[in-house]
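We count ligands from 1, going down the list as the structure has it; atoms in each ligand are counted the same way. Count residues from 1 along the sequence.
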Amino acid sequence: MTVPFESLLLTGAAGYLGRQLAPGLLPLARQLRVSDLPEPLARAGLPAQAQAVPCDLADAAAVLALLQGVDAVVHLGGVAVEGPWDPILQANVRGLHHLYEAARRQCVKRVVFASSNHVTGCYPQAQTINPQRDAPRPDGNYGLSKMFGEGIASLYWDRHGIETVCLRIGTALPTPPDRRALATWLSLPDLLRLVTAALTAPKVGFLVAYGISANTRRFYDSADAWQKLGYAPQDNAEAFAPEVQHLLQPEGPQRTLQGGSFMGIGPFDDPI
Ligand code: NAI
Ligand code: 15L
């Protein structure tokens, strides 16, 4: 089998999804580089074949060095939940700017960016959203930062020819935790299928796709983008419906809007 990449970088490698993905990414590159903040990286137990490089995404010089010799990046690093603005600004906004500037200067060809369903979390669950047709409606600081990530990805494709697949991941867990996740679930095997497709599909340019399994109750229509990637999900949350469909968020926006529980977090009185 031909190996698609000489060097592939996985950021956020010590996080939940990073630890799930790292073993499956090994066959895609002669060298897999895995990165995260120093402490989590040291205790993550990532595959020994991977090259571990600690790096804070908020440090521009460190990110420039991290991307040296890299062909493609799977970018998972950053704050992964709703919260106060400043940590999100450092990791998800400044960090993304550092990543794309480093990608430009180090001639990286493609980024797979872990965006989020929370870019469109303020749409009603009763509406089906298409990523090429429907505008972002972020549901908080976190969703807004992912919208920035998609914006910078678009800019660096148009101006600098760096390809990005933005994956608006739903709920990536071993099984769907509640009724909302019957729409948003992404099984862990489908996550690896999707990231592999996003890395290896030819000529993606700038593309936004939702990251979910073939869920019967989905409120995203991502068929066009999936076809372009050659992603064919194999799992369906419906198999878990009897166990979780009674597990509901409290009445109101948390139950009716696509962002679910994130609708109940914040606002934050940031220090002035
Ligand atoms: P996680 O919180 O377990 O992992 C994120 C990793 O990023 C952590 O290991 C953390 O140490 C690292 N990180 C945070 N700030 C950093 C910084 N300044 N410099 C370097 N590394 C930093 O999150 P998870 O669940 O693994 O998510 C991975 C990515 O996928 C995130 O970008 C998240 O927003 C996105 N995502 C995840 C979903 C899910 O269902 N797990 C759904 C939608 C999006
Ligand atoms: C996300 O973006 C989060 O990273 C993850 O922790 C889940 O909360 C997920 O969205 C979700 O909406 O279920």
Side-chain angles (χ1 to χ4, degrees), residues 9-22 34-46 52-60 62-63 66 73-83 86-99 111-122 125 138-150 166-188 190-191 194-195 198 209-213 215 219-220 237 244 247 249 254 257-265:
L9 168 66
L10 175 66
T11 71
Y16 180 68
L17 297 190
R19 282 177 281 119
Q20 302 299 322
L21 275 175
V34 290
S35 183
D36 206 297
L37 294 168
E39 204 190 303
L41 188 65
R43 33 178 181 81
L46 289 161
V53 180
C55 175
D56 185 342
L57 294 163
D59 179 343
V63 176
L66 177 68
V73 181
V74 177
H75 184 59
L76 305 183
V79 176
V81 289
E82 178 58 344
D86 198 60
I88 289 177
L89 173 67
Q90 296 307 324
N92 296 16
V93 179
R94 293 177 67 88
L96 252 288
H97 191 258
H98 297 156
L99 185 90
V111 177
V112 175
F113 167 52
S115 184
S116 170
N117 72 86
H118 294 284
V119 169
T120 49
C122 280
Q125 292 191 9
D139 59 25
N141 292 337
Y142 168 71
L144 188 61
S145 76
K146 294 294 187 180
M147 185 178 152
F148 170 82
E150 295 185 3
C166 300
L167 299 176
R168 289 182 183 166
I169 300 170
T171 305
L173 286 172
T175 60
D178 58 13
R179 182 190 284 185
R180 168 180 171 271
L182 296 175
T184 60
W185 186 55
L186 175 64
S187 76
L188 299 175
D190 279 345
L191 170 70
L194 180 58
V195 170
Y210 282 93
I212 57 168
S213 289
N215 303 327
F219 36 66
Y220 310 122
V244 301
L247 300 173
Q249 293 296 324
Q254 295 175 67
L257 299 187
Q258 294 186 0
S261 64
F262 280 33
M263 305 306 308
I265 310 175

Decide yes or no on side chain to side chain contact (heavy atoms under 4.5 Å, CB included) for Tyr142 and Asn92, but give the supporting numbers first.
CA-CA 8 Å; Tyr142 168 71; Asn92 296 16; 4.1 Å; yes
Ligand 1 to Gly18 polar contact by distance, N or O atoms, under 3.5 Å
no
Mind checking whether Thr171 has an N or O less than 3.5 Å away from an N or O of ligand 1?
no
Which protein heavy atom lies closest to atom 26 (O) of ligand 1, and at what distance to 0.1 Å?
Leu17 N, 2.8 Å
Contact summary for Cys122 and Met263, nearest pair of heavy atoms:
SG-CE, 3.7 Å
Just wondering, do Thr175 and Val244 contact through their side chains at under 4.5 Å, heavy atoms?
no
With no hydrogens and no angle check, do the side chains of Tyr210 and Thr120 hold a donor and an acceptor under 3.5 Å apart?
yes
Ala91 N/O to ligand 1 N/O under 3.5 Å
no
Considering only protein heavy atoms, which is closest to atom 31 (C) of ligand 1, and at what distance to one decimal place?
Leu76 O, 3.1 Å
Tell me, which protein residue and heavy-atom name are nearest atom 23 (O) of ligand 1, and how many Å apart are they?
Ala80 CB, 3.3 Å
Filtering Ser116, Gly170, Ala172 for the heavy atom nearest atom 42 (C) of ligand 1 leaves Gly170
Indicate yes or no: at least one non-hydrogen side-chain atom of Asn215 is less than 4.5 angstrom from one of Leu182.
no
Measuring from atom 36 (N) of ligand 1, which candidate in Tyr142, Tyr16, Phe113 has the nearest non-hydrogen atom?
Tyr142
From the candidates Pro38, Gly78, Ser115, Ala114, the one that places a heavy atom nearest atom 44 (C) of ligand 1:
Ser115
Indicate, as side chain, backbone, both or neither, the part of Lys146 found under 4.0 angstrom from ligand 1 when only non-hydrogen atoms are considered.
side chain
In ligand 1, the atoms that come under 4.0 Å of a heavy atom of Ala14 are 9 (O)
Any heavy-atom pair between the side chains of Asn117 and Tyr220 that's under 4.5 Å?
yes
among protein heavy atoms, the one nearest atom 4 (O) of ligand 1 is Gly15 CA, 3.3 Å
Looking only at protein heavy atoms, what sits closest to atom 12 (C) of ligand 1 is Asp36 OD1, 3.3 Å
Would you call Glu150 and Lys146 a salt bridge, taking side-chain N to carboxylate O under 4.0 Å as the test?
no
Counting heavy atoms only, which of Cys55, Ala62, Pro54 comes nearest to atom 20 (C) of ligand 1?
Cys55
Before giving the answer on side chain to side chain contact (heavy atoms under 4.5 Å, CB included), spell out for Leu17 and Ile169 the whole-Å C-alpha distance, their side-chain angles and the decisive distance to 0.1 Å.
CA-CA 11 Å; Leu17 297 190; Ile169 300 170; 4.2 Å; yes
Quick one: are Leu247 and Pro177 in side-chain contact, heavy atoms under 4.5 Å?
no
Polar proximity ligand 1 side, Gly77 side, N/O cut 3.5 Å exclusive
no
Protein contact of atom 18 (N) of ligand 1 - nearest heavy atom, named by residue and atom, plus distance:
Asp56 OD1, 2.9 Å
Is there a heavy atom in Gly95 that sits closer than 4.0 Å to ligand 1?
no
Rounding to 0.5 Å, atoms CG (Leu188) and OG (Ser213) come to a distance of 9.0 Å
If we only count heavy atoms from C-beta on, is the Leu144 to Val93 side-chain gap below 4.5 Å?
no
How far is atom 38 (C) of ligand 1 from its nearest protein heavy atom, and which residue and atom name does that atom have?
Ile169 CG2, 3.9 Å
Donor-acceptor check, side chain of Gln90 to backbone of Gly95, threshold 3.5 angstrom: yes or no?
no
CG on Leu257 to CZ on Phe219, rounded to 0.5 Å
9.5 Å
Pairs under 3.5 angstrom, nitrogen or oxygen on both sides, ligand 2 versus protein: list them out, please.
from: ligand 2; atom 1: 2 (O); to: Ser116; atom 2: OG; distance (Å): 2.8
from: ligand 2; atom 1: 2 (O); to: Tyr142; atom 2: OH; distance (Å): 2.7
from: ligand 2; atom 1: 4 (O); to: Ala80; atom 2: O; distance (Å): 2.5
from: ligand 2; atom 1: 4 (O); to: Tyr142; atom 2: OH; distance (Å): 3.2
from: ligand 2; atom 1: 10 (O); to: Asn117; atom 2: ND2; distance (Å): 3.4
from: ligand 2; atom 1: 10 (O); to: His118; atom 2: NE2; distance (Å): 3.2
from: ligand 2; atom 1: 12 (O); to: Asn117; atom 2: ND2; distance (Å): 3.0
from: ligand 2; atom 1: 12 (O); to: His118; atom 2: NE2; distance (Å): 2.7
from: ligand 2; atom 1: 12 (O); to: Arg180; atom 2: NH1; distance (Å): 3.3
from: ligand 2; atom 1: 12 (O); to: Arg180; atom 2: NH2; distance (Å): 2.8
from: ligand 2; atom 1: 13 (O); to: Thr171; atom 2: OG1; distance (Å): 2.6
from: ligand 2; atom 1: 13 (O); to: Arg180; atom 2: NH1; distance (Å): 3.1

Would you say the side-chain atoms of Arg19 pair up with the backbone N or O of Ala14, donor to acceptor, closer than 3.5 Å?
yes
Write out the residue and atom name of the closest protein heavy atom to atom 19 (N) of ligand 1, then the distance separating them to 0.1 Å.
Leu57 N, 2.9 Å
Is the closest side-chain heavy-atom distance between His75 and Leu96 below 4.5 Å?
yes
